Amino acid sequence: MLKRAFIIVTLVLGALVVVMALTVPDQQAHYDAVRQLAQSVVEKELTAESISERLVKAGMEKLPELGVDLSEEDLKNLGVDEEDLTRLGAQGLAKIGEDMDLTEVKEVGTQMAMGAADMYLRSHMTVDNYVAVNIGWVTFHGHTLPITIGAFGKVFILADENQVRQLIK
């Protein structure tokens, strides 16, 4: 009886390993899964709101280069605070937005970010194949970390959006 149970368990485990070996995803599936997660993060980062805020901030940083040096004290003397400037900047961007659609800026930004992410993944991601599973690895700041596991025809991502956001930035 014990011998029969051992044979059945061995056959079931053997069949499971064969099925896993036949359905292990390829390297491209790992790359596509990470790329899809990166694209989701990029799209969340590049909302029209964040683009406006970043443009206002960039404009504020450029003022000294243009010879306009406004300290906090100068702003107080003018009766203006940073919130007012942000609002003014947003209004200016809204006016610009009448001539130029910020969705185009978002699309270009998304394409540029995804191009950089693609290049990074192509040069820093590897997939090690084992008999029944494969593991995707990414090298980041000199550390190689597992990022995906492939089994049963599926790729499971081990990283969350915050970790991918760090890779993208």
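Numbers here are sequence positions counted from 1. Since the model is a prediction, treat every value here as computed from it, not as a measurement.
- In this structure a side-chain-to-backbone donor-acceptor pair under 3.5 Å is missing from D128 to G136.
- Considering all non-hydrogen atoms of both residues, M20 and A151 come closest at CE-CB, 4.4 Å.
- Separating the CE atom in M114 from the CE atom in M119 is a distance of 12.5 Å, to the nearest 0.5 Å.
- Both L16 and Y130 are assigned to one and the same hydrophobic cluster, defined by single-linkage of ILVMFWY side chains at heavy-atom distances under 4.5 Å.
- We find the OG1-CG distance between T126 and L121 to be 11.5 Å, quoted to the nearest 0.5 Å.
- Counting non-hydrogen atoms of neighbouring residues, nucleotides and ligands closer than 6.0 angstrom, the CD atom of E161 exceeds 12 such neighbours.
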request  = Determine, step by step, whether I135 and T148 satisfy the side chain to side chain contact (heavy atoms under 4.5 Å, CB included) criterion, reporting the C-alpha distance in whole Å, the side-chain angles of both residues, the deciding distance to 0.1 Å, and the verdict.
outcome  = CA-CA 6 Å; I135 300 174; T148 57; 5.9 Å; no
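- With hydrogens and angles left out, the side-chain atoms of H124 and T139 include no donor and acceptor closer than 3.5 Å.
- Minimum interatomic distance between P25 and H30 (heavy atoms only, all atoms of both residues): CG-NE2, 4.2 Å.
- Q27 places none of its side-chain heavy atoms less than 4.5 Å from the side chain of M125.
- Using a 4.5 Å heavy-atom cutoff, the side chains of V155 and Y31 are not in contact.
- Distance CD1/I8 to NZ/K3: 13.5 Å, rounded to 0.5 Å.
- For the residue pair Q28/D32, the side-chain donor-acceptor check at 3.5 Å is satisfied.
- Of the residues listed (I147, V138, I149), the one engaging L158 in a side-chain contact (heavy atoms from CB on, under 4.5 Å) is I149, and it is the only one.
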Stepwise side chain to side chain contact (heavy atoms under 4.5 Å, CB included) test for F156 and V133 = CA-CA 11 Å; F156 303 95; V133 298; over 6 Å; no
